[in-house]
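Below, all heavy atoms of this structure are taken into account, side chains as well, without hydrogens, waters or symmetry copies. In each ligand, atom 1 is the first atom listed, and ligand 1 is the first ligand listed.
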Amino acid sequence: MSDNRQHLGNSISQQKKGFTTVSTAARLSVAPMMDWTDRHCRYFHRLLSQRALLYTEMVTSPALVRGGALHLLEYSPEEHPVALQLGGSDPAELAEAARLGAEAGYDEINLNVGCPSDRVQNGAFGAILMRDPKLVAACCAAMRAATDVEITVKCRIGVDDQEPSDVLPEFIARVAGAGVARFSIHARKAWLQGLSPKENRDIPPLDYDLVQQMKGLFPALHLSLNGGVATLDVAEAALERGMDGVMIGRAAYHQSADILLEADHRIFGDAPHGQSREDIVLKMLPYIDEHMAKGGKLGQVTRHMLGIFAGKPGARHWKRHLSENAHKSDAGSHTVVTAIELMQAARPAFE
Ligand SMILES: Cc1cc2nc3c(=O)[nH]c(=O)nc-3n(C[C@H](O)[C@H](O)[C@H](O)COP(=O)(O)O)c2cc1C
């Protein structure tokens, strides 16, 4: 935490204690993922890593500004450092949405220029904005003028028939000209016709070299590599090659502990914390109790935790017990404890 920040006496800054700046946290981030990185998921991820930057799901500026859906901004203070991702393409509306996000205490506001879904295309935002860097720059300038919170952009390397090596540097230069100093680049094109959003995360080939070249072209910018990074080894290699950050999506969700449990040590240089996966699960229990006391359902939290033991002996007992029981009316944190016990009982005796 910087000295300046330490003097901010409000409760938000107190909750942010322990990290220096958001861009330091962005050395490793968990990508925004609709329906996945909700507040329960982020709370869980934060227990696994104190340091990584966590992104919300995309929240659209029309939903916030025209729809008044302010509940979409709710999060737990423990989630800091946490970035709000916005979707939109109207500068004034995005500025207002950014202001609302800043007021809610988010550490960063990120603009989505990467999402290829139809719904998003029709609203003229997401990846299609790769075609209109001028508009993206105008949106970012308006957002910057509306708040002191850092504005960042998550983009693709191009869309459809665009030539990435031409359009990506132009895009970055134009948007950086509006004062954006940090980008996360999903290192593949989005094909807006003919591919589903899911296919658009796998089929267009990854081009890490091009993203790496951007670091050479724009050494002063903070650039994170995104797309297909499935291990901390790959993340470390990208950082060693000079990238400022690595953003991990699906692997951080499905193999949360493999990615996040050692991240503070390996990526941020902290001393090893010695916590086991079981320790993290047990730390979730008070959160689960609180959530359920407010009328929430167990499965809303545990669905994000199913992969924590992925690849470990007995993991399927953990997963199966939660999948079969989390929705039952008598489910509670005791269901989670039983799932751990079943998993442990299924492990070989020498474990
Ligand atoms: C279920 C799901 C939802 C996603 N939703 C968003 C989103 O809301 N905003 C966004 O910018 N990207 C979204 N993405 C894309 C990811 O942020 C990321 O760019 C992509 O998955 C590639 O990274 P990965 O290979 O590490 O998963 C989503 C991806 C998945 C799997």
Side-chain angles (χ1 to χ4, degrees), residues 26 28-42 45 52-64 72-73 82-89 94 97 101 106 108-121 123 125-130 136 139 151-159 175 182-192 195-208 211 223-235 237-238 243 245-256 258-260 263 267 303-304 306-307:
L28 185 79
S29 58
V30 179
M33 289 178 281
M34 285 297 282
D35 195 40
W36 290 9
T37 53
D38 64 16
R39 59 183 297 183
H40 308 309
C41 178
R42 297 191 305 265
H45 283 172
L53 177 60
L54 304 179
Y55 281 81
T56 66
E57 310 167 83
M58 178 180 69
V59 176
T60 70
S61 58
L64 284 181
L72 297 174
L73 297 179
V82 60
L84 170 67
Q85 188 187 57
L86 292 176
S89 59
L94 278 167
Y106 282 95
E108 168 191 333
I109 314 278
N110 175 269
L111 181 63
N112 181 341
V113 188
C115 181
S117 85
D118 285 346
R119 190 169 58 83
V120 168
Q121 273 186 67
F125 46 80
I128 201 160
L129 291 176
M130 290 301 295
V136 175
C139 290
I151 305 298
T152 66
V153 164
K154 177 169 182 279
C155 64
R156 295 268 181 158
I157 59 173
V159 292
V175 177
R182 184 147 53 86
F183 294 78
S184 299
I185 307 170
H186 185 174
R188 54 162 62 90
K189 275 182 168 183
W191 293 339
L192 299 175
L195 289 190
S196 68
K198 186 168 185 301
E199 289 169 329
N200 257 312
R201 294 194 281 266
D202 285 317
I203 293 178
L206 286 163
D207 190 345
Y208 287 178
V211 176
L223 302 183
S224 288
L225 173 73
N226 171 239
V229 178
T231 63
L232 281 186
D233 287 346
V234 175
M243 294 306 298
V246 176
M247 172 183 267
I248 306 185
R250 289 162 289 186
Y253 189 83
H254 292 304
Q255 295 109 43
S256 48
D258 290 343
I259 299 294
L260 294 174
I267 304 292
R303 74 189 185 100
H304 303 301
L306 295 176

Over all atoms of both residues, closest heavy-atom pair of Ala26 and Leu53: CB-CD2, 3.9 Å
Keeping the roles fixed (side chain from [X], backbone from [Y]), state whether a donor-acceptor pair exists under 3.5 Å.
X      : Y      : result
Arg188 : Pro204 : yes
Asn200 : Trp191 : yes
Arg42  : Tyr55  : no

Check the pair Ile157, Val211 against side-chain contact (heavy atoms from CB on, under 4.5 Å), reporting the backbone distance first and the verdict last. CA-CA 8 Å; Ile157 59 173; Val211 176; 4.1 Å; yes
For ligand 1, would you mind listing the residues that have at least one heavy atom less than 4.0 Å away, ordered by chain and number? Ala31, Pro32, Met33, Met34, Trp36, Met58, Gln85, Asn112, Lys154, His186, Arg201, Asn226, Gly227, Gly228, Ile248, Gly249, Arg250
Parallel, tilted or perpendicular: which describes the rings of His40 and His304, with under 30° parallel and over 60° perpendicular? tilted
